[in-house]
Amino acid sequence: MMFSEKLINWYLQNKRDLPWRETRDPYRIWLSEIILQQTRVNQGMPYYERFTERFPTIGDLAKAEESEVMKLWQGLGYYSRARNLHATAKTVTQTHKEIFPQSYDEIIKLKGIGQYTAAAIASFAFEEKVGVVDGNVFRVLSRYFGIYDDISVPATRKIFQELANDLVQNVSPSLFNQAIMDFGALQCVPKNPDCSICNLSDSCHAFRTGTVNELPVKTKKIKVTDRFFNYLVLEDLNGNTIVEQRIGKGIWQNLYQFPLIETEEYLSMDEIILLVSQKFPSLFSEITDVTKGEIVHKLSHQRLYIKFWKVKLNTVFERGITQEQLKEYAFPIVIWNFITSHYEK
DNA sequence: GAGGCGTGGGT
DNA sequence: TACCCAAGCCT
């Protein structure tokens, strides 16, 4: 048997039942693919359910305010996905008369859709013969066929893309593409896969040569930087507070946060009191360290050392918001966790 | 082409 | 603990 046949046999025995596999609706397939970029099925599933419930069609999504889309996306990370999702819904609704483009070449023109996602939609929804190349495919193909090129080099992708395209020619593209990703996610896992139960091991290069844990080759590591955030949880005489939107480049674009003082190092109690009393002359009343020590919030590429300071002010904010209103904004998860625990009591 | 961009789970 | 990884894309 050929690789493709063995793989599909494995899939027919082991496949997962997932809601976006029960449809050929390109809108739902597209939505699922955006949600699942760099995201595990278990984490993305509830978001898929909420989005399809709230926005049954792409037109419904296009009509929404961006703030609502961001709020629904809250907690999923990589928030540019949500902004691009909304932008593309508008493009398809307005420019394409609400008809999703039906070929790889047209689909890849849309915002937030790259080679992987275009191939996924084109094959799953329209059976176009194009191979998906994601993290699973790098792993499965590098091991089975013995490909030692460094996958952290973008140019390496071409090698895998051409192989994937070849493999998909004589089978159902949607079936093969789903199969290779499920196989990578469930059987040919990154660390210590159980090759003793694998029906492809007898013809697998890595198994034969004992290089399963060496493949795929990936050399580059991410550099992590440290940052120190002091969030001022202001409170006026009415018990209202203030939030601001993060704008420009950097993390958490378009999400909300409390007024922020970022420093180069840890701030002592005395230092924060001095800064805050200077920032609000004559209004400053009382400050408390709500977090009792710092919260370390880890992003993929940054370590954030975060403190929340409750600051009471002798004034009434013109644009103050209530605790109820606070919960309508989209926050980074670390701030949202603070809000739900702090205001619950 | 390298680096930025979240969150959560596994080892 | 620290590191890796997860249905990547954008600049």
Side-chain angles (χ1 to χ4, degrees), chain A residues 15-16 18-21 28-48 70 73-85 87-88 107-124 131-140 150-158 160-161 164 174 176-186 188-193 213 216 218-227 246 248-255 295-304 330-337:
Chain A
K15 74 191 195 84
R16 293 176 286 187
L18 301 171
W20 46 85
R21 286 180 175 166
R28 295 192 173 220
I29 292 169
W30 162 65
L31 174 63
S32 74
E33 291 302 334
I34 302 302
I35 287 173
L36 292 174
Q37 285 170 5
Q38 297 287 280
T39 303
R40 291 174 195 283
V41 165
N42 283 343
Q43 191 188 359
M45 184 82 76
Y47 288 82
Y48 177 81
M70 297 306 289
W73 198 271
Q74 176 183 286
L76 199 53
Y78 286 148
Y79 296 95
S80 65
R81 291 183 293 172
R83 299 191 299 272
N84 289 332
L85 183 82
T88 288
I107 293 169
I108 203 170
K109 293 177 183 171
L110 299 168
K111 260 189 199 176
I113 297 182
Q115 293 180 75
Y116 163 76
T117 304
I121 299 170
S123 62
F124 299 162
V132 292
V133 178
D134 73 335
N136 291 306
V137 175
F138 277 128
R139 189 168 56 255
V140 171
D150 184 356
I151 66 166
S152 53
V153 178
T156 299
R157 182 192 181 85
K158 192 165 186 291
F160 286 85
Q161 184 69 63
S174 64
F176 176 88
N177 283 339
Q178 297 280 15
I180 195 168
M181 287 195 292
D182 255 17
F183 181 71
L186 300 175
C188 196
V189 294
K191 296 192 185 232
N192 309 313
N213 285 321
K218 187 176 176 184
T219 59
K220 293 184 184 168
K221 300 183 197 307
I222 302 172
K223 188 177 152 193
V224 178
T225 59
D226 291 335
R227 299 175 74 180
R246 290 186 65 94
K249 296 198 171 299
I251 61 172
W252 300 334
Q253 194 182 5
N254 291 15
L255 273 66
I295 296 170
V296 183
H297 184 70
K298 294 172 178 177
L299 311 185
S300 54
H301 57 303
Q302 296 181 13
R303 260 188 312 267
L304 306 179
F331 293 98
I333 199 65
V334 64
I335 298 178
W336 180 250
N337 288 340

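By convention in this document, chain letters (A, B, ...) are assigned in the order of the sequence lines, proteins followed by strands, and residues within each chain are numbered from 1.
Of all heavy-atom pairs spanning Val132(A) and Val137(A), the tightest one is O-CG2, 3.3 Å.
At whole-Å resolution of the value, CZ in Arg40(A) and P in dT7(B) are 16 Å apart. One atom, CD1 of Ile222(A), and another, P of dT7(B), lie 15 Å apart when rounded to the nearest Å. Between Lys218(A) atom NZ and dG3(B) atom P the separation is 14 Å, expressed in whole Å. If you measure from atom CG of Leu299(A) to atom C1' of dC5(B), you get 9 Å, rounded to the nearest angstrom. Atom NZ in Lys223(A) sits about 10 Å away from atom C1' in dG3(B), given to the nearest Å. Between the P atom of dG6(B) and the OH atom of Tyr47(A) lies a distance of 13 Å, rounded to the nearest Å. The nearest whole Å value for the distance from the CG atom in Leu85(A) to the P atom in dG6(B) is 16 Å. For the pair Ile333(A) CD1 and dC5(B) C1', the interatomic distance rounds to 16 Å; values are reported in whole Å.
Contact annotation for Gln253(A): no contact, since no heavy-atom pair falls under 4.0 Å across all strands. Residue contacts for Gly184(A): at a heavy-atom cut-off of 4.0 Å it reaches no nucleic acid atom on any strand shown. Note on Gly75(A): only backbone sugar-phosphate atoms sit closer than 4.0 angstrom, heavy atoms only; bases stay farther off. Using a 4.0 Å heavy-atom cutoff across all strands shown, Ser300(A) reaches at least one base atom of the nucleic acid. When heavy atoms are screened at a 4.0 angstrom cut-off, Arg157(A) is found touching no nucleic acid atom at all. Leu304(A) comes within contact range of no nucleotide atom at all, as no heavy-atom separation falls under 4.0 Å. Using a 4.0 Å heavy-atom criterion, one finds that Lys220(A) contacts the sugar-phosphate atoms exclusively. Using a 4.0 Å heavy-atom cutoff across all strands shown, Thr117(A) reaches sugar-phosphate atoms only and no base atom.
Put simply, the residue from Leu85(A), Ile107(A), Leu110(A) that forms a side-chain contact (heavy atoms from CB on, under 4.5 Å) with Trp30(A) is Leu85(A). The one candidate from Arg157(A), Glu33(A), Gln161(A) that meets the side-chain hydrogen bond (donor to acceptor under 3.5 Å, both in side chains) condition with Tyr116(A) is Glu33(A).
Using modelled atom types, no side-chain atom of Thr117(A) and backbone atom of Gly114(A) make a donor-acceptor pair closer than 3.5 Å. With Thr88(A) contributing its side chain and Lys111(A) its backbone, the two residues share a donor-acceptor pair below 3.5 Å. Formation of a donor-acceptor pair under 3.5 Å by the Tyr79(A) side chain with backbone atoms of Ile251(A) is not found in this model.
With DNA chain C read from its 5' end, the first of the two nearest nucleotides for Ile113(A) and Val189(A) is the one closest to Val189(A). Checking Val153(A) against Thr39(A), the closest nucleotide of DNA chain B that is more toward the 5' end is the one next to Val153(A). In terms of position on DNA chain C, the residue among Lys221(A) and Tyr116(A) whose nearest nucleotide sits closer to the 5' end is Lys221(A).
The outermost nucleotides of DNA chain C lying under 4.0 Å from heavy atoms of chain A, listed 5' to 3', are dC4(C) to dC10(C).
One C1' atom belongs to dC4(C), the other to dG6(B), and the distance between them is 15 Å to the nearest Å. Between dG3(B) and dA7(C), the distance separating the two P atoms is 24 Å to the nearest Å. With both ends at atom P, the span from dC9(C) to dG9(B) equals 24 Å, rounded to whole Å. Separating the C1' atom of dC10(C) from that of dG8(B) is a span of 23 Å, rounded to the nearest Å.
For dT7(B), the OP1/OP2 oxygens have no side-chain nitrogen or oxygen of Trp73(A) closer than 4.0 Å. OP1 or OP2 of dG3(B) has not a single side-chain nitrogen or oxygen of His301(A) nearer than 4.0 Å.
In this structure, the separation between OG1 on Thr39(A) and OH on Tyr48(A) is 15.5 Å, given to the nearest 0.5 Å.
If you check the side chains of Gln37(A) and Arg81(A), you find no donor sitting under 3.5 Å from an acceptor.
A perpendicular orientation is assigned to the rings of Phe138(A) and Phe160(A), their planes being inclined by more than 60° (bins at 30° and 60°).
For Pro332(A), taking side-chain heavy atoms from C-beta onward, the closest of the listed nucleotides dC5(B), dA2(B), dT7(B) is dT7(B).
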